[in-house]
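Nothing here was measured: the structure is a model prediction, and the numbers come from that model. Each chain gets a letter, A, B and so on, in the order its sequence line appears, and its residues count up from 1.
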2 protein chains.
Amino acid sequence: MKTISRKEEIIATATRLFYEKGYTAVSMRDIATAMDIKAASLYNHIKSKQEILSEIILKVAKEFTDGMVSVVTENTSAIKKVEKVIELHIDITVNHSEALAALNNDWMHLEEEDLEAFVKMREDYEENFRIIIKQGMDAGEIKSYHPEVILFSILSTLRTLYLWYQKRGKVDVNILKKDMVSVLIKGIV
Amino acid sequence: MKTISRKEEIIATATRLFYEKGYTAVSMRDIATAMDIKAASLYNHIKSKQEILSEIILKVAKEFTDGMVSVVTENTSAIKKVEKVIELHIDITVNHSEALAALNNDWMHLEEEDLEAFVKMREDYEENFRIIIKQGMDAGEIKSYHPEVILFSILSTLRTLYLWYQKRGKVDVNILKKDMVSVLIKGIV
DNA sequence: GTCTATAAAGAGATAGAC
DNA sequence: GTCTATCTCTTTATAGAC
């Protein structure tokens, strides 16, 4: 049993609304109304609308970054690493599906250091994935297509998984992992 | 040489801005400033901001719908049809890359009949793709994974192609088609 | 911790001059 | 076809009472 603070409640409500309509289309009034309070009351718990967006996006972005670092430093085959990355995405999708809408579509509305931090994390993430794929090609585990096509093809599927996961009414995670790994990997091996 | 009307110019400008920041984050003043005129002048050519969004999204949505209908009614193998669908997406991406941002991210801001029309087109499109995949499974051309996983996996890659196409600085279309078909098809055959 | 009231800025859209 | 001026509404955010 964990207690949820008022601030966390605001962020959870905002996350859901941002998922439905996007950051700019959701007003502070919308968030407050959904919580049955007035917009002014929100400012007792958070500093600004911007802060809400930052908390939603950066928290999940850090999970991706940490997960990827842990995968890339493992001492296993490239294919095994790709599998782990797929599983990482599925786990995060299952736990934070609504936050991924903001991460994918509203990151450009971050400001200053938050924007910089996010862009850097995303670039590092892609670069690590690229390294894994090239490692797999060098080892003869992965077919030598254009590496960017493989990178993009897998990543775009994983990044939009949250849209599909919501719609399908939450498939069993283990079945999802198995099928997803098959479809995405068997294509490049 | 085709002359571009003022209305088309407005739509082209809005398309670019919507691509960069999203529909709700772009104001009529933003569009006007980018064209070096005043916001009020826009209304001599268009009825509302909504109308701009509709024109951008529905035009491209119709291209997808028409293209898919023409593919699905062809008398060829399922695999050949999947190839044609991939090529359809690549052609539309090349010609309307910026409009695809609005189509993917801002369709929920359409109103009334436009929203209904769009949702119906998208559902029909997915259903036709589903039919092709099932046809391929029945014929033994496509591996019997969960059909929704295959559908989602290919479609999510194709739908976000516009993000990647912009970033890569416009790869040669024929090379893109060949590699994309390989990566996406060889995975399911 | 929530409220009312309100400030200050910006939104979409219209009227009417030129 | 574009302009200035303006209307009306909504936005984020703050001040201060309770």
Distance in angstrom units between Ile10(B) CD1 and dG1(D) C1', rounded: 11 Å
With a 3.5 Å cut-off and sequence neighbours excluded, list the donor-acceptor pairs that the side chains of residues 59-67 of chain A form with protein atoms.
from	atom 1	to	atom 2	distance (Å)
Glu63(A)	OE2	His96(A)	NE2	2.8
Thr65(A)	OG1	Ala61(A)	O	3.0

What residues form a side chain to side chain contact (heavy atoms under 4.5 Å, CB included) with Val173(B), not counting sequence neighbours? Ile90(B), Asp91(B), Val94(B), Lys177(B)
From CG of Leu42(B) across to P of dT14(C) the rounded distance in Å is 13 Å
Can you list the residues that meet the side chain to side chain contact (heavy atoms under 4.5 Å, CB included) rule with Glu8(A), with sequence neighbours excluded? Ile4(A), Ser5(A)
Residue pair Asp106(A) / Ile56(A), side-chain heavy-atom distance below 4.5 Å: no
What is the minimum heavy-atom distance between Ser153(B) and Thr157(A), and which atoms define it? O-OG1, 3.1 Å
Residue of the set Phe18(A), Tyr23(A), Phe118(A) for which ring-ring contact (aromatic ring centres under 6.0 Å, His included) holds with Trp107(A): Phe118(A)
Spacing between Arg6(A) atom CZ and dT2(C) atom C1', to the nearest angstrom: 9 Å
In numerical order, the residues of residues 108-116 of chain A whose heavy atoms come under 4.0 Å of DNA chain D are none
Mind checking side chain to side chain contact (heavy atoms under 4.5 Å, CB included) for Glu126(A) and listing every partner two or more places apart, or none if nothing turns up? Arg122(A), Arg130(A), Leu155(A), Arg159(A), Lys167(B)
Nearest heavy-atom pair of Ser97(A) and Tyr165(A): which atoms, and what distance? CB-CD2, 4.3 Å
Per-nucleotide protein contact string for nucleotides 4-18 of chain D (B base, S sugar-phosphate only, - none; heavy atom under 4.0 Å): B------BBBB----
In whole angstroms, how far is the P atom of dT14(C) from the CG atom of Asn44(B)? 12 Å
